[in-house]
4 protein chains.
Amino acid sequence: MTEHRSGPVRSAAAREAILAATARLLVDEGWDRLTIEGIARDAGVGKQTIYRWWPSKGALVAECLLDGRFFPVEPVVRDTGDLRRDLREWLTPVLHFLNSPTGRSLVNSLVAAATGEAGVGAHLSEAFGADRLLADRLRAAVGAGELPPDAPVDELGNAVLGLLIFEVLSKDEIDVTAFLRLVEYLLGPRRTSAG
Amino acid sequence: MTEHRSGPVRSAAAREAILAATARLLVDEGWDRLTIEGIARDAGVGKQTIYRWWPSKGALVAECLLDGRFFPVEPVVRDTGDLRRDLREWLTPVLHFLNSPTGRSLVNSLVAAATGEAGVGAHLSEAFGADRLLADRLRAAVGAGELPPDAPVDELGNAVLGLLIFEVLSKDEIDVTAFLRLVEYLLGPRRTSAG
Amino acid sequence: MTEHRSGPVRSAAAREAILAATARLLVDEGWDRLTIEGIARDAGVGKQTIYRWWPSKGALVAECLLDGRFFPVEPVVRDTGDLRRDLREWLTPVLHFLNSPTGRSLVNSLVAAATGEAGVGAHLSEAFGADRLLADRLRAAVGAGELPPDAPVDELGNAVLGLLIFEVLSKDEIDVTAFLRLVEYLLGPRRTSAG
Amino acid sequence: MTEHRSGPVRSAAAREAILAATARLLVDEGWDRLTIEGIARDAGVGKQTIYRWWPSKGALVAECLLDGRFFPVEPVVRDTGDLRRDLREWLTPVLHFLNSPTGRSLVNSLVAAATGEAGVGAHLSEAFGADRLLADRLRAAVGAGELPPDAPVDELGNAVLGLLIFEVLSKDEIDVTAFLRLVEYLLGPRRTSAG
DNA sequence: AGTTAAACGAGACGGTACGTCTCGTCTTCGT
DNA sequence: ACGAAGACGAGACGTACCGTCTCGTTTAACT
């Protein structure tokens with residue numbers, strides 16, 4: 001039996017405006033210049049409408065992440081049968097994006113959000129697409145014998161993502177070539193499916 | 001030839017009190033509850049004395065990092081001739097520390113600091129000791145033939161560190177066993193020095 | 001037609017607390033130790049609530065003046081038909097008040113406020129009651145023939161007030177007798193209503 | 001001839017620079033934007049040099065007053081035998097000066113200084129020249145029979161000065177004509193020396 | 001169609017912290 | 001010994017947001 005009561009219902013327009021404003025401001029201003037007041041202003045919404053539905057700005061960002069409002073992620077990692085090549089081709093544009101001001105700013109902001117809000121961290125992996133896309137491709141590689149059967153595919157995906165984040169945090173610019181070489185090393189020695 | 005001018009000189013006592021307060025408060029309260037006013041209060045110092053010497057709270061944290069005020073880091077990664085065992089023995093207490101509330105809080109705070117301040121990120125690696133300790137041990141392993149000659153030892157150290165950080169950010173608790181297994185996988189297949 | 005908008009309305013309690021604190025602190029501490037922070041603290045109010053409604057501490061003092069929060073002014077200058085006697089009787093307690101620490105402090109504070117804020121000066125005259133009380137009595141004296149028909153009654157009131165202020169500023173103590181004698185001289189030679 | 005001395009002695013140059021800076025800044029910026037730091041900066045002097053010789057900024061202003069650094073006062077009130085005319089001629093330029101921005105600012109600043117510093121008030125009268133110049137002329141008028149023998153000449157001077165100050169504080173602009181008329185009224189009915 | 005109660009925009013409120021300014025005291029050099 | 005320079009602890013400045021709390025208006029489900 002459903003609870004029911006009279007009165008208006010949650011405004012979809014307000015929700016959309018708030019999340020859109022959050023995403024825009026997070027990218028443009030960064031995590032710590034992202035404020036509830038700013039979001040309310042930008043969304044043309046009362047502050048209370050935000051506090052009514054989200055407990056914190058971290059929760060707003062987490063919802064933006066789930067909505068995929070940040071990365072127009074490459075939907076798949078192609079499978080041409082050559083794992084190293086496929087990864088290289090998927091990673092290259094990602095690395096270049098992360099070297100752009102927008103990319104760096106976005107990663108910094110999302111990581112900052114994650115440090116203050118466990119809920120954001122939990123979705124970081126999905127947000128970057130690493131969990132499904134990367135792991136799927138690695139799993140296929142295991143099936144094809146390109147990786148040993150005991151390869152921890154899920155963890156490997158996270159390792160690549162963690163490395164990516166660490167590079168953004170600690171360096172001015174990621175050296176794309178070196179990064180690709182490292183990933184290749186991490187995957188271990190090349191095997192043929194016949195191997 | 002040094003620039004010199006008359007007048008009083010920077011107070012070492014104030015510097016020490018400020019950095020000590022910063023380190024204490026960052027661990028106890030976390031990055032975004034760390035405030036200049038709080039530091040000044042805790043250090044018994046005027047706010048201006050902080051602003052005179054440091055441009056931001058990130059810079060304060062960066063200096064604490066360089067001073068090694070956060071981790072009483074294990075001074076070396078032992079070298080028994082067995083890289084995997086040595087790493088396991090070094091990593092185990094580190095992982096347990098990172099699973100403790102203090103450890104998690106510290107990593108979260110430092111990463112948060114790094115996202116807002118390029119200078120902090122640049123020192124994250126040193127702070128965790130990964131740069132020197134880990135890389136040194138890996139380099140020795142290359143010399144001993146435990147790792148192939150082309151192993152990118154510096155990047156490998158950062159990869160482990162990045163993975164560590166990512167796990168803290170995205171999970172409630174690091175699975176120590178799984179983490180060690182992953183590291184072992186990343187190092188590639190075991191080789192004998194005779195190999 | 002009045003402008004109206006939705007939303008909360010100005011808090012009368014806050015206004016009262018702020019003005020009361022302002023009046024108390026001005027008398028107790030003096031103009032330049034009167035601070036917005038002190039008022040906010042004393043009134044149990046956020047600073048922004050003060051800044052929202054008053055542009056400066058001078059404006060606060062001006063509003064206190066208009067509210068008559070400083071002098072429990074003698075409501076009238078009595079009219080017994082003898083102008084000189086009536087003035088003497090009204091002025092005597094006023095002069096004694098101005099010789100008291102509270103009185104001196106208050107005049108000093110109000111004058112200081114007036115120098116920094118035109119709005120305060122404009123109300124000084126009303127605040128001391130000189131404008132209405134004194135001028136009314138003088139006007140009656142003109143009607144009764146005690147003063148010549150061309151006597152500038154409003155200006156005369158201000159002259160007495162100006163003199164009063166000047167004495168407080170420039171002397172340690174007003175000589176009551178000399179002051180009364182001077183006022184009497186300024187009014188000009190005694191006239192009978194029969195002229 | 002060069003300054004030479006063994007062992008430094010109070011620097012006349014510093015004193016001069018400090019007082020000059022004080023006078024300049026008081027006129028230009030007003031009492032409450034006059035700061036010790038600003039004076040030191042402007043005078044090219046260490047703050048301590050100021051604190052060593054003067055206890056407060058009020059004392060600095062008082063010394064400037066005594067030095068006559070503010071008004072290039074009309075050196076005398078002329079005596080043509082006609083008190084009212086002489087006063088009118090002396091007061092007219094004074095009133096116009098007080099209506100100028102510089103004049104108003106100066107009076108406001110000096111009065112503000114006087115409210116915070118008894119020592120300044122004590123010299124206000126001399127500073128405006130009222131004490132000597134005005135009183136002298138009034139005394140002469142008594143001698144000439146233009147004023148009654150019991151006229152309180154010193155107090156009359158202060159009364160005019162107090163009125164002047166009050167007008168500056170409480171009005172946007174002094175009405176010169178009305179002011180002169182008032183002064184004339186205060187002096188009492190015209191008398192001839194033969195009278 | 002009218003009633004009714006929650007969601008809405010707006011924004012006032014008591015607070016905390018910001019980064020800057022000046023206070024008056026205190027070193028430290030150089031003359 | 002004095003003067004310039006300026007670091008220091010202290011604390012107010014005016015601004016920005018916090019999260020909570022009214023307000024009046026709008027709107028949708030239930031009479």
Side-chain angles (χ1 to χ4, degrees), chain A residues 4-11 13-14 32-41 43-53 55-57, chain B residues 4-11 13-15 17 32-41 43-53 55-57, chain C residues 4-11 13-15 17 32-41 43-53 55-57, chain D residues 5-11 13-14 17 32-41 43-53 55-57:
Chain A
H4 54 188
R5 33 158 278 284
S6 65
V9 99
R10 180 170 182 181
S11 156
D32 35 82
R33 303 178 52 177
L34 177 71
T35 66
I36 300 280
E37 298 225 315
I39 295 168
R41 213 180 297 132
V45 135
K47 282 199 291 177
Q48 195 55 51
T49 301
I50 299 180
Y51 283 111
R52 190 161 16 238
W53 304 108
S56 64
K57 68 178 187 172
Chain B
H4 53 190
R5 51 153 205 68
S6 65
V9 98
R10 180 169 181 180
S11 157
R15 177 180 180 279
D32 35 84
R33 306 183 43 183
L34 178 70
T35 65
I36 301 280
E37 298 226 318
I39 295 168
R41 211 179 299 131
V45 134
K47 281 200 289 176
Q48 195 54 53
T49 300
I50 300 180
Y51 283 110
R52 184 152 32 231
W53 302 109
S56 64
K57 65 179 189 170
Chain C
H4 53 181
R5 53 155 204 74
S6 65
V9 101
R10 179 169 183 179
S11 157
R15 177 180 179 279
D32 35 84
R33 310 190 31 190
L34 178 70
T35 65
I36 301 280
E37 297 227 317
I39 295 168
R41 212 179 297 131
V45 136
K47 281 200 288 177
Q48 195 55 53
T49 300
I50 300 180
Y51 284 111
R52 186 154 28 234
W53 302 110
S56 63
K57 65 180 189 169
Chain D
R5 48 185 185 70
S6 63
V9 112
R10 179 169 181 182
S11 158
D32 35 82
R33 302 178 53 178
L34 177 70
T35 65
I36 300 280
E37 299 227 308
I39 295 168
R41 212 180 298 132
V45 135
K47 282 198 290 176
Q48 195 54 47
T49 304
I50 300 179
Y51 283 112
R52 196 166 4 243
W53 301 109
S56 65
K57 66 178 188 173

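These numbers were taken from a predicted model, which means no experiment stands behind them. Reminder, nothing fancy here: chain letters follow the sequence lines and each chain counts from 1.
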* Using a cut-off of less than 4.0 Å, is there contact between a side-chain N or O of C/S11 and OP1 or OP2 of E/dA12? ->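 Result: no.
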
* Asked: For B/T49 and F/dG9, is the shortest distance between a side-chain N/O and OP1 or OP2 below 4.0 Å?
  ->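 The answer is yes; a side-chain N or O of B/T49 sits under 4.0 Å from OP1 or OP2.
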
Round to a whole Å and report the spacing from [atom1] of [X] to [atom2] of [N].
X     : N      : atom1 : atom2 : result
D/I50 : E/dG24 : CD1   : P     : 11 Å
A/W53 : E/dA6  : CH2   : P     : 12 Å
A/D32 : E/dC18 : CG    : C1'   : 13 Å
B/R52 : F/dA10 : CZ    : P     : 14 Å

* Asked: Between NZ of A/K57 and CD1 of A/I50, what distance do you get to the nearest 0.5 Å?
  ->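 Between A/K57 NZ and A/I50 CD1, I get 12.0 Å after rounding to 0.5 Å.
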
* Asked: Given that D/G44 and B/A43 both sit by DNA chain F, which one's nearest nucleotide is further toward the 5' end?
  ->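 Result: D/G44.
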
* To do: Report yes if the side chains of B/W53 and B/R15 come closer than 4.5 Å at any heavy-atom pair, otherwise no.
  =>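 Not touching, per the 4.5 Å side-chain cut-off.
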
* Does the side chain of D/D32 reach to within under 4.5 Å of the side chain of C/D32, using non-hydrogen atoms? ->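 Side-chain contact under 4.5 Å: no.
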
* For C/E37, side chain to side chain donor-acceptor pair (under 3.5 Å) partners two or more places apart ->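 Testing C/E37 for side chain to side chain donor-acceptor pair (under 3.5 Å), a comparison that skips the adjacent residues, returns C/K47.
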
* To do: List for me each residue that meets salt bridge (charged side-chain N to carboxylate O under 4.0 Å, His left out) alongside B/R33, sequence neighbours excluded, and say none if there are none.
  =>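 Salt bridge (charged side-chain N to carboxylate O under 4.0 Å, His left out) list for B/R33, sorted by chain: B/E29.
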
* **Atom of C/A17, atom of C/A43 and distance for their closest heavy-atom approach** =>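 Distance-wise, the nearest heavy atoms are O-CB, 3.5 Å.
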
* To do: Using a 4.0 Å heavy-atom cut-off, write out nucleotides 15-22 of chain F from 5' to 3' as B (base contacted by protein), S (sugar-phosphate only) or - (no contact).
  => B-BBBBBB

